[in-house]
Amino acid sequence: MNIQVKKPPLTIRLCGPRGFCAGVDRAIQIVVLALKAYGAPVYVRHEIVHNRYVVEGLEAKGAIFVEELDEIPVEHREQPVVFSAHGVPKSVPEDAQARNLFYLDATCPLVSKVHKQAMRHQRLGRHVVLIGHAGHPEVIGTMGQLPPGTVSLIETVEDADGYEPADPDNLGYVTQTTLSVDDTAGVIARLTERFPNLSAPAADSICYATTNRQEAVKEAAPGCDLFIVVGAPNSSNSKRLVEVALRAGARRSMLVQRAAELDWNEIGDIRTLGLSAGASAPEVIVDEIIAAFKARFDAEIELAVTAEETENFLVNRELRGVPLTVEDMAWVNGVRA
Ligand code: SF4
């Protein structure tokens, strides 16, 4: 006799927007197009985006990831090196030129905009306050746009409380693009309270993709037994989504890189699951997670859509018009949201 075991019901609240942003999409396209235009190997300084699935997929196509330019062998100096979406200090393109390397910059245009805003503050004689996380490549890149001693990093409200600038009336701030919108507002409020002449950047530094993903999580999280964010532990925007979900009312929240990582004992008996993905997480992994839950639960999907995104950033001039094969297009589309 074939006894069918009834699966427990589950509602999956699927956030939109989720996953790839225009900056990540552009950076991945740059590496794929460079491989097509110049052949393998194409060197990439730092993980092009913080996601192992993407990095390993590009490695399989002929990309070689390095942390520093001196890791590129002399015999490969004709091959391009791509700078990651997070941006690089000014010293990196200078070093590439000194080594006679051909580089393609995949810095997200919204990160470049923050660089310009920081340089503008400095040009106007202001000491720059950068709100962000120490050690993150974007923060290293932004600090590296300015001469040493002209920028101070503030991470928390406590840092803002203890900050003692040399000239409190002559400060201008910018922020990392992937911070928590609410936490950053708290830090800015505290700094403004202490330094009323603090100058804001011309436009918000936290990018549209970070803001939109956090808004969708806030909409979906209240009442969720568990909230899963697809993303890597070194992805700043993914980690922020985990925090936002908890604050917005999810009972538990976790970062997951692949479905194989899911610990079903830990997940336990749940009725409502929230699901989103950081800006560097491919949609194929979201599909994989949904399939894993559908195998164990009688799951229905409920969409939590708070914005439509139409942003699209052009690739570098040298790569426009490079044709991709059907296979390359299928891979790029497969990782897209
Ligand atoms: S998260 Fe924002 S700043 Fe970062 S790559 Fe995406 S669009 Fe650009």
Side-chain angles (χ1 to χ4, degrees), residues 15-32 44-51 53-55 58 82-89 104-119 130-133 135-145 173-184 201-217 229-244 255 276-283 285-286 306-316 332 335-337:
C15 291
R18 63 178 177 278
F20 277 12
C21 58
V24 162
D25 191 62
R26 172 178 180 268
I28 293 170
Q29 281 190 61
I30 289 172
V31 180
V32 174
V44 184
R45 186 186 175 279
H46 193 69
E47 283 188 345
I48 185 77
V49 297
H50 285 152
N51 186 273
Y53 181 94
V54 171
V55 166
L58 292 171
V82 179
F83 301 153
S84 79
H86 313 97
V88 291
L104 292 163
D105 193 352
T107 301
C108 174
L110 301 183
V111 173
S112 301
K113 198 165 101 186
V114 174
H115 292 177
K116 288 192 189 106
Q117 289 167 348
M119 288 189 282
L130 169 60
I131 303 166
H133 296 296
H136 189 278
E138 185 187 321
V139 164
I140 294 169
T142 303
M143 292 185 91
Q145 304 305 308
Y173 78 86
V174 291
T175 83
Q176 192 178 329
T177 57
T178 51
L179 299 180
S180 152
V181 172
D182 297 337
D183 287 352
T184 308
D204 272 353
S205 306
I206 295 179
C207 77
Y208 80 94
T210 300
T211 308
N212 288 347
R213 280 149 192 70
Q214 289 178 15
E215 281 306 310
V217 168
V229 175
V230 181
N234 57 347
S235 161
S236 171
N237 79 85
S238 304
K239 286 195 289 188
R240 301 295 81 78
L241 294 181
V242 171
E243 296 162 3
V244 169
L255 206 55
S276 184
S280 46
E283 185 68 0
I285 303 182
V286 174
T306 51
E308 293 291 329
E309 291 181 348
T310 53
E311 285 75 4
N312 180 33
F313 301 143
L314 281 179
V315 297
N316 313 49
V332 171
V335 292
R336 273 180 177 151

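What you see below is based on every heavy atom in this structure, not just the backbone, and it leaves out hydrogens, waters and symmetry mates. Start at 1 and go down the list; that is how both ligands and their atoms are numbered.
- For Asn212, the CG atom sits in a packed shell: over 12 heavy atoms of surrounding residues, nucleotides or ligands are nearer than 6.0 Å.
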Evaluation steps, side chain to side chain contact (heavy atoms under 4.5 Å, CB included), between Lys239 and His133: CA-CA 12 Å; Lys239 286 195 289 188; His133 296 296; over 6 Å; no
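- The distance from ligand 1 to the heavy atoms of Cys21 drops below 4.0 Å at these ligand atoms: 1 (S), 5 (S), 6 (Fe), 7 (S).
- Partner of Thr177 under the side-chain hydrogen bond (donor to acceptor under 3.5 Å, both in side chains) criterion, out of Lys113, Glu138, His86: Glu138 alone.
- Listed by number with element, the atoms of ligand 1 under 4.0 angstrom from any heavy atom of Thr177 are 3 (S), 4 (Fe).
- Residue-ligand proximity, Cys108 to ligand 1, at heavy-atom distances under 4.0 Å covers atoms 3 (S), 5 (S), 7 (S), 8 (Fe).
- Near Cys207, meaning under 4.0 Å from any of its heavy atoms, are these atoms of ligand 1: 1 (S), 2 (Fe), 3 (S), 7 (S).
- Glu243 pairs in a side-chain contact (heavy atoms from CB on, under 4.5 Å) with only one of the listed residues (Asp182, Val229, Asp183), which is Asp183.
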